[in-house]
There are 2 protein chains.
Amino acid sequence: MIKVLVVDDDFMVARIHRGFVDRVDGFEVVGTANTGDQAVAALGELSPDLVLLDLYLPDIFGLDLIARLRAVQPDVDILVITAAREADAVRGAVRQGVVNYLLKPFGFEDLRARLREYARRRASVPDQVTSQADVDRVLAPARQLVNRLPKGLSQETADLVTAALRAAPDNLSAAECAEKVGISRVSARRYLEFFAAQGQAEVSLRYGTTGRPERRYTWRT
Amino acid sequence: MIKVLVVDDDFMVARIHRGFVDRVDGFEVVGTANTGDQAVAALGELSPDLVLLDLYLPDIFGLDLIARLRAVQPDVDILVITAAREADAVRGAVRQGVVNYLLKPFGFEDLRARLREYARRRASVPDQVTSQADVDRVLAPARQLVNRLPKGLSQETADLVTAALRAAPDNLSAAECAEKVGISRVSARRYLEFFAAQGQAEVSLRYGTTGRPERRYTWRT
DNA sequence: GTGGTTGAGTTCATTGTGGTCACAGGCGGA
DNA sequence: TCCGCCTGTGACCACAATGAACTCAACCAC
């Protein structure tokens, strides 16, 4: 369970956020705070893994609060949830290493997608990095979210491919998936690779046959 | 011109980095520092845009220095350049919002690519974000992910081989590793020799058996 | 020493998939 | 209708892994 502290000056909003977070599998809210001072105190007491932080607080600006939070608990992660649209706010948040920056207003699905991405990234950090490629993987994966597909991919085809992947008993190669869906191998591969890059699909190599090894894709539960 | 401060405890290394940075268009080194204290002082004096930071400094650990640097100049960006491969170091750096994390040793092209990406990202931040999509664009770094492996080797197989090596209680021969991973002896040896050449694996010879001596590989902690 | 045996290192042609490219067909706006 | 953009495709290399064949270094019997 990932422990979450919700910080928002508006009592009702904090309550809504709490409800949202509790509905996401693997997350639980351990406390809420309405001011910067309360947040610092709650952090010391509850030691959460993640703080949902609104930037507009009565006693301190959210970005300035982050340093104080980190002073108490250096390894705490921050997810900013705010209506602040100034470029400086976003830049400053990124510079402080927030895991995400979600604009109000937002729906439950928006928050869930961000939380899931955070959980996935959190779990996928290797114990030790060996190559620059490992490091890049840790740095990079704040990719485009599921909502928006990159140019060249359509939602309809994406749905077909995911359906085929889920229906497969174990895993599929690009060619097999292409045949099942009824599209070309090139297109199937494009979608499958995209899902793999997103972390929604897992890729494994099958060796043993002569020739280049085959990439086999599995849907991630 | 993006002003850069180079921080490295080794005078010669700092000089080399300085030379690298000065060769990249749009960047200029405004100073170098060899200790944490020097870095803080130089920051206050020179107000650079970016700090190239080694984590191993004589007076302070680099990650702890970042907070001190930010206290002097909150909007300074950090690019970590270090040999530190511990997961905690990478995680901690990401949590503090470093713009990149480059493993030593590296070549000029490696650094140039990272600096260019930084410059591009820096220039492309809009004055004001209007939608969540804008925010996501700022959060999501470029998908460069250049494969640092030489031709003939794939990332997936490399991961499998390293995993097998790490899981081994003491050490592995090429044939044993091949069987564990499920690839051929030839392929296993190719990867193992690559890791040995990189210094990530150590190789020892086992005599005593009839036949040619056996090369046994150990993962380097 | 010397030559034979042994098992691992090394080379290389083969192979079937991976990945890329320019184009086709379709849709929508001018 | 023409034009431009988007999505999917056939065709064409590039490529990673393979296994057979070869080379090599240590051991062993003489």
Side-chain angles (χ1 to χ4, degrees), chain A residues 131 133 144 147-165 168 171-198 201-218, chain B residues 133 143-165 168 171-198 201-218:
Chain A
S131 66
Q144 294 275 329
N147 317 356
R148 229 184 143 80
L149 291 158
K151 293 292 172 201
L153 279 69
S154 73
Q155 188 62 54
E156 290 79 7
T157 313
D159 291 343
L160 288 174
V161 173
T162 54
L165 245 191
N171 55 20
L172 285 178
S173 73
E176 289 165 2
C177 179
E179 197 186 355
K180 273 184 191 285
V181 175
I183 57 178
S184 75
R185 186 180 61 90
V186 178
S187 300
R189 205 190 64 80
R190 189 181 297 147
Y191 285 87
L192 290 169
E193 279 301 316
F194 169 70
F195 292 137
Q198 291 280 322
E202 214 164 331
V203 61
S204 61
L205 268 56
R206 187 169 68 174
Y207 307 91
T209 61
T210 61
R212 193 173 170 151
E214 193 181 45
R215 296 171 77 84
R216 302 197 66 84
Y217 303 84
T218 315
Chain B
R143 58 190 61 211
Q144 35 163 3
L145 206 63
V146 188
N147 211 339
R148 296 266 167 246
L149 290 163
K151 294 288 173 203
L153 280 68
S154 73
Q155 185 62 54
E156 287 81 4
T157 311
D159 290 342
L160 288 174
V161 172
T162 54
L165 245 193
N171 55 21
L172 284 179
S173 72
E176 289 164 1
C177 180
E179 196 187 356
K180 273 183 191 285
V181 175
I183 58 177
S184 75
R185 186 174 60 92
V186 176
S187 300
R189 217 192 66 80
R190 188 183 298 143
Y191 285 87
L192 290 168
E193 278 302 317
F194 168 70
F195 292 136
Q198 290 278 316
E202 218 163 327
V203 60
S204 59
L205 267 56
R206 187 169 69 173
Y207 304 89
T209 62
T210 64
R212 192 172 172 156
E214 193 182 44
R215 295 170 75 84
R216 301 197 66 84
Y217 303 85
T218 316

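Protein chains get the first letters and strands the later ones, always in sequence-line order, with residue 1 at the start of each. All values below were derived from every heavy atom in this structure, side-chain atoms included, with hydrogens, water molecules and symmetry-related copies excluded. Nothing here was measured: the structure is a model prediction, and the numbers come from that model.
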Colleague: List the steps and the verdict of side chain to side chain contact (heavy atoms under 4.5 Å, CB included) for A:R216 and A:V203.
Modeller: CA-CA 6 Å; A:R216 302 197 66 84; A:V203 61; over 6 Å; no
Colleague: Please determine whether a side-chain nitrogen or oxygen atom of A:T209 lies at a distance below 4.0 Å from atom OP1 or OP2 of D:dA17.
Modeller: no
Colleague: Just to be sure I understand the rule, does A:S173 reach a base, reach only the sugar-phosphate, or reach nothing, if contact means heavy atoms closer than 4.0 Å?
Modeller: nothing
Colleague: Between D:dA17, D:dT7, D:dA25, which nucleotide gets closest to the side-chain atoms of B:R212?
Modeller: D:dA25
Colleague: For A:R215, answer base if it contacts any base atom (sugar-phosphate contacts may also be present), sugar-phosphate if it contacts only those atoms, and nothing otherwise; contact means non-hydrogen atoms under 4.0 Å.
Modeller: sugar-phosphate
Colleague: Between C:dT10, D:dG8, D:dT9, which nucleotide gets closest to the side-chain atoms of B:R189?
Modeller: C:dT10
Colleague: A:R185 CZ to C:dG19 P: how many Å, rounded?
Modeller: 9 Å
Colleague: May I ask you to test the A:E214-A:L205 pair for a side-chain heavy-atom distance under 4.5 Å?
Modeller: no
Colleague: Quickly work out the B:E176 CD to C:dG7 P distance and round it to whole Å.
Modeller: 15 Å
Colleague: B:L192 pairs by side-chain contact (heavy atoms from CB on, under 4.5 Å) with which of B:C177, B:S187, B:S173?
Modeller: B:C177
Colleague: So that I can tick it off, tell me whether B:R185 and B:E179 are bridged by a salt bridge, with the cut-off set at under 4.0 angstrom between side-chain N and carboxylate O.
Modeller: no
Colleague: Name the closest nucleotide to the B:I183 side chain, picking from D:dG10, D:dT18, C:dG18.
Modeller: D:dT18
Colleague: In whole Å, I'd like the distance from the CZ atom of B:R206 to the C1' atom of D:dA26.
Modeller: 14 Å
Colleague: Rounded to the Å, how far apart are A:L205 CG and D:dC15 C1'?
Modeller: 13 Å
